[in-house]
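Take a look at the structure below.
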Amino acid sequence: MKKSFDFLGPEVSGADRDRVYVIPVPIEWSTSYQKGTAHAPAAILEASRQVELYNQTLGLDLERSGIATLDPEIGSKEELSSFITRHRPELMSVFPCFIGGEHSITPWILEALRPDRIGIVWLDAHADLRESYLGEKENHACAARNSLPFGQIVEVGVRSYSKEEGAFLAGSDRIVACTYWDARARDAVYALPDRVYLSIDYDVIDPSLLRAVGTPEPDGLQWDTLMDLLTFVFSEKTVIGMDAVELCPKESDEVSNFIAAKVLFEAISRLLSKGG
Ligand SMILES: [Mn+2]
């Protein structure tokens with residue numbers, strides 16, 4: 001696989017073995033409001049070069065830590081599925097971190113990766129539980145519903161869903177949705193299987209902090225809350241992979257791109273500090 005060493009710059013590669021693969025997935029086909037998430041991977045990779053490589057909170061230096069950025073040029077579900085299927089053993093032996101692209105990619109990743117007995121931690125402003133949206137069953141508004149066959153889901157940060165999604169939530173024992181990162185959310189994440197997949201929709205973050213998303217919602221997670229959540233998930237669970245989706249880069253909003261890159265930096269730091 002071609003490696004361009006883009007995320008955080010070339011300094012983070014060059015370990016005796018790769019521990020993290022950062023994989024751009026610029027897929028956008030069903031976004032319903034503001035468009036542009038296909039440009040998110042490039043914007044995040046570019047902004048990540050401004051992130052300090054030393055994580056002062058954790059006392060961890062990411063220089064030569066084994067983070068490699070791949071460039072498989074994925075533009076469709078078929079290309080994503082065949083890439084993962086072809087490289088599955090390699091992807092399962094490292095920590096794959098997919099950068100979307102829209103949220104529809106999550107069930108496609110899980111379907112191709114076929115991880116055994118996992119739970120799913122889903123950070124999102126929206127429940128993404130529609131059976132179909134605008135006549136499409138694979139719309140990004142259906143992404144959590146389509147991920148349910150691959151594991152139980154705990155959603156955190158959810159503050160907008162339809163009446164039908166509310167009814168589905170009330171009737172399902174496979175999924176829990178929490179608005180805040182509180183004791184109930186902690187207990188629900190803790191009760192998931194040990195191995196979890198983490199999906200971060202950037203609209204989980206409060207728009208006062210990160211506003212370049214397709215469908216912003218007020219009352220989102222603040223930075224310290226998100227860091228506490230990531231610390232909990234990575235220390236209590238074995239995180240086998242993640243994605244971060246739905247950034248919608250805007251001209252003259254470099255802050256959102258930088259914060260999006262920093263979220264990945266903080267998640268990967270927590271993985272590496274655990275010795276993953
Ligand atoms: Mn979503």
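Ligands are counted one by one from 1 in listed order, and the atoms in each one are counted from 1 as well. Along the sequence shown, residues are numbered consecutively beginning with 1.
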Would you tabulate the side-chain donor-acceptor contacts of residues 107-116 under 3.5 Å, counting partners in other chains and residues two or more places apart, or write 'none'?
residue, atom, partner, partner atom, Å
Trp108, NE1, Glu138, OE1, 2.6

- Hits for side-chain contact (heavy atoms from CB on, under 4.5 Å) against Glu254, two or more places apart or cross-chain, chain-then-number order -> Asn257
- Query: How long is the span from the OG atom in Ser104 to the NZ atom in Lys77, to the nearest 0.5 Å?
  - Reply: 10.0 Å
- Please name the pair of heavy atoms, one in Phe150 and one in Ile120, separated by the smallest distance, quoted to 0.1 Å. C-CD1, 4.4 Å
- Using salt bridge (Lys or Arg N to Asp or Glu O under 4.0 Å) as the criterion, list what pairs up with Asp228, not counting sequence neighbours. Arg186
- Message: Between Glu11 and Leu53, is there a side-chain heavy-atom distance shorter than 4.5 Å?
- Response: yes
- Which atoms of the protein, restricted to N, O or S, are nearer than 2.8 Å to the Mn ion (ligand 1)? His103 ND1, Asp124 OD2, Asp128 OD2, Asp201 OD2
